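Structure first, then comments.
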Amino acid sequence: MVDYGVGNLRSVRRGLEHAGVEVDVTADPEAISSAAGIVLPGVGAFAPAREKLAASGLDRLLVEQAGRGKPILGVCLGYQLLFEASHEDGYTTGLGLLPGPVRRLRPTPERKVPHMGWNSVRLRQPDALFDGIADRSYFYFVHSYYPELKAGPEVVGTSDYGRTLAVVARRGSVAGTQFHPEKSGDCGLRLYANFAGLCQAA
């Protein structure tokens, strides 16, 4: 798991370990490069997180590892960082591993921002992350921004919150979830275990 100074490292680590995953929380490029898979967590604002990845050179390392087919899982802000850019507090480029920008959710009288709480995920296509997880299972969300990813080959799962949100996406070995698996009960733990299986297979 990438430690770049931004994120809920403790809770994500506990979730992974509870799912039976051996976890090394590190910023060491050699340790990250030698790992079977990479988890990119994150909470907070996009731009400061992106700056920290750039300052450490971990942004280049993640892109390089993705190019080599290393399984990578972004979680919450880590998911958003995988995209091309974000419009949060201006315009900040992302890692460009998934297509499209990240934009702010619009509040309505019926739907507040942030989107916080449980919501169901509708699977648009089969994916190994969801082996053993039923369609429309519930996961826990806390976010104010969303990737503006239209329906396409990258969209794995969607949720409805005033509009259809791409809350799970994949391109090759790179995937991410807008929700927090570590806060999502048995379904979230199963997703983490499935990711570990993908890492072992790779």
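Computed from heavy atoms alone, side chains included, the values below leave out hydrogens, waters and symmetry copies. Predicted model only: the values in this text are computed from it and were never measured.
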Just verifying a value: how many Å separate [X] [atom1] and [Y] [atom2], rounded to the nearest 0.5 Å?
X: E51; Y: T92; atom1: CD; atom2: OG1; result: 7.0 Å
X: I133; Y: L189; atom1: CD1; atom2: CG; result: 9.5 Å
X: N119; Y: Y161; atom1: CG; atom2: OH; result: 8.5 Å
X: L62; Y: L81; atom1: CG; atom2: CG; result: 9.5 Å

Looking at [X] and [Y], would you say the former's side chain and the latter's main chain have a donor-acceptor pair under 3.5 Å?
X: D3; Y: V25; result: no
X: S159; Y: L165; result: no
X: Q125; Y: P153; result: yes
X: R104; Y: E88; result: no
X: Y4; Y: P41; result: yes
X: D59; Y: R50; result: no
X: K70; Y: S33; result: yes
X: T108; Y: R111; result: yes

> Using the ring of each side chain (for Trp, its six-membered ring), is W118 parallel, tilted or perpendicular to Y140, with breaks at 30° and 60°?
Replying inline: perpendicular
> How are the rings of F179 and F130 set relative to one another: parallel (under 30°), tilted (30 to 60°) or perpendicular (over 60°)?
Replying inline: perpendicular
Within-4.5 Å side-chain heavy-atom neighbours: [X] and [Y]:
X: Q80; Y: L77; value: yes
X: R106; Y: V113; value: no
X: V121; Y: F141; value: yes

> So which of M1, E17, H180, K183 actually passes side-chain contact (heavy atoms from CB on, under 4.5 Å) with V12?
Replying inline: M1
>> Testing V39, L58, I72 one by one against V2 for a side-chain contact (heavy atoms from CB on, under 4.5 Å), which residue passes?
In response: L58
>> Does Q178 form a side chain to side chain donor-acceptor pair (under 3.5 Å) with Y146? I'd like the steps, not just the answer.
In response: CA-CA 8 Å; Q178 184 60 73; Y146 70 99; over 6 Å; no
